[in-house]
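The structure under discussion appears below in the form of structure tokens.
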Number of protein chains: 2
Amino acid sequence: MGEGGAQPPAAGGEALLFLTDEQLRKGIEAMFFAYRGFTADPDRILAEKNYGRAHHRALHFINRMPGTTVTNLLAILGVTKQSLNRVLRTLVADGLVDSRVGRSDRRERNLHLTEAGRALERQLSEAQRARMRAAYRAAGAEAVAGFRQVLEAMMDEDIRRQYLALRETRG
Amino acid sequence: MGEGGAQPPAAGGEALLFLTDEQLRKGIEAMFFAYRGFTADPDRILAEKNYGRAHHRALHFINRMPGTTVTNLLAILGVTKQSLNRVLRTLVADGLVDSRVGRSDRRERNLHLTEAGRALERQLSEAQRARMRAAYRAAGAEAVAGFRQVLEAMMDEDIRRQYLALRETRG
DNA sequence: CTTGGAATGTCAACAAGACTGACATAAATT
DNA sequence: AATTTATGTCAGTCTTGTTGACATTCCAAG
């Protein structure tokens, strides 16, 4: 904290953007605490079923991109294949994910959720969306737009590209 | 995905708040990807020094609340005291944190950063603030306000209280 | 004063989930 | 035929979370 500039600049071009270290620190803390809330509800459901967040993430993105390959999932999740493989192995063994040899390239595995997989994904997602919905409603439409803008600006370049590509897949 | 309502409602009271499942899912993904960016810079610094995120969190909040006790830190970080203790032990051993027996209640330990601790905290914080600053600048002042509103609404009740209490400590 | 309970902090052992490195297999490409 | 790519697996390590057991300190009731 407290490198320099404790006083806000005299409201320049970008309309009242006071970026004191304190403002930034509060943003950091808000992000930390909010992320806890963000994961709390799915975490409870996952714990009952002896899964973890890693399983949730896999289910989410397989649902979002049906037929995706392991390599692609790896890039999006940003973990090692060993780590992802451990998760996928259990999901396939438990009948939540279907891993089919690729048609055009038989080295690839195309991943799909089974009916049971979709059911769990829906349960997890609904819990998380319920909180997000409540937060959005409480904050209002303009706040939501700002929320999304800041989050996008906070992503790494290559990740933002992935995110925007995903946005276009649907709605 | 896709429980119900694919179509936005006809713009009711809260001014154009379209809460389709798809909108919510995008918010969820934005949160996931942005959090990665949020932690990426400090993570790199920590890795060099053989520390982890848990150390960063401890340094952050000890800096923020000098003289705080272990129990208080526990409540804020939301981990078990054993888990926190492991982290504190290494920070104290490495001379980054000073743990003094409480004056009024000698069961308590009052935690402070040493000069070295402040230096590392500053380094980590500056990396994280730099990204936050860039994101804030890119998104603009109104977006920042919305960002904070949504994050606050996403926190658990008791955590939000802690967060707001922290806000008042400074600026 | 003493004793018992509550609060606080520490140590030990374990699990999840990340990592690296080495290696195997199969399929596609050159 | 040789090389590259995609996937999966085994083994070992690290961080960070967990529980359980335990020591110390404080405070209040007897």
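Below, chains carry the letters A, B, ... as their sequence lines are ordered, and counting in each starts from 1.
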Original post:
Going by an N to O cut-off under 4.0 Å, is there a salt bridge joining A:Glu121 and A:Arg118?
Top reply: no
Subject >> Separation of A:Leu151 CG from B:Leu151 CG (nearest 0.5 Å) >> reply: 7.0 Å
Original post:
Side chain of B:Arg107, base of D:dT24: donor and acceptor closer than 3.5 Å?
Top reply: no
Subject >> Atom-to-atom span, NE2 of B:His56 to P of D:dT16 - whole angstrom >> reply: 12 Å
**OP:** Please determine which of A:Tyr163, A:Phe61, A:Tyr35 meets the ring-ring contact (aromatic ring centres under 6.0 Å, His included) test together with B:Phe32.
**Re:** A:Phe61
Original post:
How many Å lie between CZ on B:Arg106 and P on D:dT24, as a whole number?
Top reply: 13 Å
**OP:** Please state how far atom CG in A:Asn85 lies from atom C1' in D:dG8, giving the value in whole angstrom units.
**Re:** 5 Å
Original post:
Atom CD of A:Glu108 and atom C1' of D:dG8: how far apart are they, to the nearest Å?
Top reply: 15 Å
Original post:
Pick the nucleotide of DNA chain D nearest each of B:Ser104 and B:Ser83; which residue has the one closer to the 5' end?
Top reply: B:Ser83
Original post:
If you find the nucleotide of DNA chain D closest to B:Arg57 and the one closest to B:Asp105, which residue's nucleotide is nearer the 5' end?
Top reply: B:Arg57
Subject >> Under 4.0 angstrom between B:His55 side-chain N/O and D:dT15 OP1 or OP2 >> reply: no
Subject >> Shortest non-hydrogen contact between A:Arg160 and A:Met155, atoms and distance >> reply: NH1-O, 3.5 Å
**OP:** Using only side-chain N and O atoms of B:Arg86, determine if any of them is under 4.0 Å from OP1 or OP2 of D:dG17.
**Re:** no
Original post:
Once you round to the nearest 0.5 Å, how far does CZ of A:Phe33 lie from CD of B:Gln162?
Top reply: 6.5 Å
Subject >> Nucleotide range of DNA chain C lying under 4.0 Å from chain A heavy atoms >> reply: C:dG17 to C:dA28
Original post:
OP1 or OP2 of D:dG17 less than 4.0 angstrom from a side-chain nitrogen or oxygen of B:Thr80, does that happen here?
Top reply: no
Original post:
Nearest-Å distance, CG (A:Leu73) to P (D:dG8)?
Top reply: 11 Å
Subject >> Atom pair OG1/CG of B:Thr69 and B:Asn110 - distance to nearest 0.5 Å >> reply: 7.5 Å
**OP:** Select base, sugar-phosphate, or nothing to describe what A:Gly78 touches, counting heavy atoms under 4.0 Å on all strands.
**Re:** sugar-phosphate
Original post:
Quick one: salt bridge (Lys or Arg N to Asp or Glu O under 4.0 Å) pairs with a partner in residues 66-86 of chain B, sequence neighbours left out?
Top reply: none
Original post:
Roughly, in whole Å, what's the span from CG in B:Leu91 to P in D:dT15?
Top reply: 12 Å
Original post:
For the pair made of CD in B:Gln82 and P in D:dC22, what is the distance, rounded to whole Å?
Top reply: 14 Å
**OP:** With DNA chain C as reference, determine whether B:Ser99 or A:Val79 sits nearer its 5' end, using the nearest nucleotide of each.
**Re:** B:Ser99
Original post:
Rounded to the nearest Å, what distance is computed from the CG atom of residue B:Asn50 to the P atom of nucleotide D:dT15?
Top reply: 6 Å
